[in-house]
Amino acid sequence: MPAPLIELPPVPALDAGEVHVWTLAVETLAARFGPEPAVLAEEERLRAARFRFEADRARYVVGRAAARHLIAAYGGARDPAALRFRAGAHGKPDLDPPRPDLRFNWSHSGDLAIFAVTADADVGVDVERTQRFNDLEAIAERVFSARELAEFRGQTGEARRIAFFNGWTRKEAFIKATGEGLSRSLAGFDVVLEPGAAVALRSIGGSSEEAATWSMLAFEPQPGYAAAVAVAAPAISLRLLDWAD
């Protein structure tokens with residue numbers, strides 16, 4: 001029999017040219033899902049058991065269970081437990097067999113998980129708690145392009161921290177959308193990271209024309225967090241949804 005569904009908020013129709021991004025509070029959903037959600041596959045349960053810290057285990061369990069429910073709802077599946085996933089060459093999750101009309105990605109940090117879904121374009125998403133790192137300068141030197149690094153260093157005080165996480169989340173979202181992960185050099189493409197400036201993917205390998213075939217969007221899911229979405233389409237509208245609502 002199908003695994004029992006956790007009650008979902010209404011899932012709106014997903015139109016071409018849209019990306020729906022759900023914010024999920026890990027602690028709240030962990031209480032609703034329970035320690036061993038019925039929808040998890042055996043390999044997911046085994047992986048969950050290997051986490052050393054309970055907070056990490058809860059984030060993983062909630063992320064997988066919520067993703068199964070949301071993908072089932074968007075894809076018209078009756079049983080989220082019946083979904084099967086496969087990982088791409090660099091770990092990006094996809095359905096098995098794939099659904100070209102349903103693309104998705106998820107990320108988690110601290111007490112938040114976010115899930116992004118599109119109808120017909122590759123998507124990547126990243127969320128970060130903005131107190132996560134301390135030595136921002138050293139990390140920026142490793143992952144930012146020369147232009148981004150100059151933009152980062154042009155900020156002072158809290159604006160510099162905001163700029164760092166703007167750059168970090170936008171770059172992570174892009175490499176997750178491409179499915180290349182860290183096999184692609186983070187310094188090989190440019191994003192806008194200046195606080196208050198229009199969000200954009202400026203260039204890919206020096207090409208602004210290639211960058212223009214993508215959309216990049218950013219938002220603050222909660223105070224203290226930064227998030228970004230990258231979609232392989234030139235014009236995408238963002239719809240933010242919260243499971244708690």
Quick one: [atom1] on [X] to [atom2] on [Y], what's the gap to the nearest 0.5 Å?
X    : Y    : atom1 : atom2 : value
I114 : H108 : CD1   : NE2   : 11.0 Å
D126 : E172 : CG    : CD    : 5.0 Å
S185 : E180 : OG    : CD    : 11.0 Å
N166 : T130 : CG    : OG1   : 10.0 Å
H69  : F115 : NE2   : CZ    : 12.5 Å
F165 : S109 : CZ    : OG    : 8.0 Å

D190 and S145: side-chain donor and acceptor closer than 3.5 Å? yes
Side-chain heavy atoms under 4.5 angstrom apart, residues restricted to Ile, Leu, Val, Met, Phe, Trp, Tyr: same cluster for [X] and [Y]?
X    : Y    : value
V191 : F174 : yes
F152 : L186 : yes
V21  : W243 : no
L149 : L193 : yes
V127 : I162 : no

Between [X] and [Y], what is the shortest heavy-atom contact and its length?
X    : Y    : answer
A48  : V61  : CB-CG2, 3.7 Å
R86  : P98  : NH2-CG, 3.4 Å
L201 : F189 : CD1-CD1, 3.9 Å
L112 : A25  : CD2-CA, 4.3 Å
L24  : A66  : CD1-CB, 3.6 Å
H20  : P12  : CE1-CG, 3.6 Å

Main-chain N/O of [Y] paired to [X] side chain as donor or acceptor, under 3.5 Å:
X   : Y    : result
E18 : D15  : yes
K92 : A177 : yes
R59 : G110 : yes

Stepwise ring pair (Phe, Tyr, Trp, His ring centres under 6.0 Å) check, F144 with F164: CA-CA 9 Å; F144 286 170; F164 173 86; 5.8 Å; yes
Could you walk me through whether E194 and Q155 satisfy the side chain to side chain contact (heavy atoms under 4.5 Å, CB included) test, starting with their C-alpha distance in whole Å, then the side-chain angles of each, then the deciding distance to 0.1 Å, before giving a yes or no? CA-CA 8 Å; E194 180 182 354; Q155 312 301 315; 3.8 Å; yes
If you look only at pairs with a residue in residues 152-167, which of them pass as a salt bridge (charged side-chain N to carboxylate O under 4.0 Å, His left out), with sequence neighbours excluded? E137-R153, E137-R160, E141-R153
For a quick test of your reading: what N or O donor-acceptor pairs under 3.5 Å do the side chains of residues 217-238 make, sequence neighbours left out?
{"residue": "Y225", "atom": "OH", "partner": "D111", "partner atom": "N", "Å": "3.0"}
{"residue": "S237", "atom": "OG", "partner": "G17", "partner atom": "O", "Å": "3.4"}

Can you list the residues that meet the side chain to side chain donor-acceptor pair (under 3.5 Å) rule with W168, with sequence neighbours excluded? E128
List the steps, then state whether side chain to side chain contact (heavy atoms under 4.5 Å, CB included) holds for W214 with I204. CA-CA 10 Å; W214 284 78; I204 301 173; 3.8 Å; yes
Give the intermediate values and the outcome of side chain to side chain contact (heavy atoms under 4.5 Å, CB included) for residues V11 and W22. CA-CA 10 Å; V11 173; W22 290 81; 4.2 Å; yes
What do the steps show when you test E148 against R170 for salt bridge (charged side-chain N to carboxylate O under 4.0 Å, His left out), and what is the final call? CA-CA 12 Å; E148 291 166 339; R170 295 167 194 182; over 6 Å; no
Run the numbers on R68 and E44 for salt bridge (charged side-chain N to carboxylate O under 4.0 Å, His left out), then give the verdict. CA-CA 12 Å; R68 284 180 170 276; E44 292 169 327; 3.0 Å; yes
Does the distance from a Lys or Arg side-chain N to an Asp or Glu carboxylate O, for R103 and D122, drop under 4.0 Å? yes
Centre of F85's six-membered ring, under 6.0 Å away, within 45 degrees of the axis: is that where NZ or CZ of R64 sits? yes
If you apply the rule side chain to side chain contact (heavy atoms under 4.5 Å, CB included), what do you find for L102 with Y74, and how did you get there? CA-CA 8 Å; L102 189 64; Y74 277 105; 3.9 Å; yes
Exactly one of M216, R147, E151 clears side-chain contact (heavy atoms from CB on, under 4.5 Å) with V192, and that residue is E151
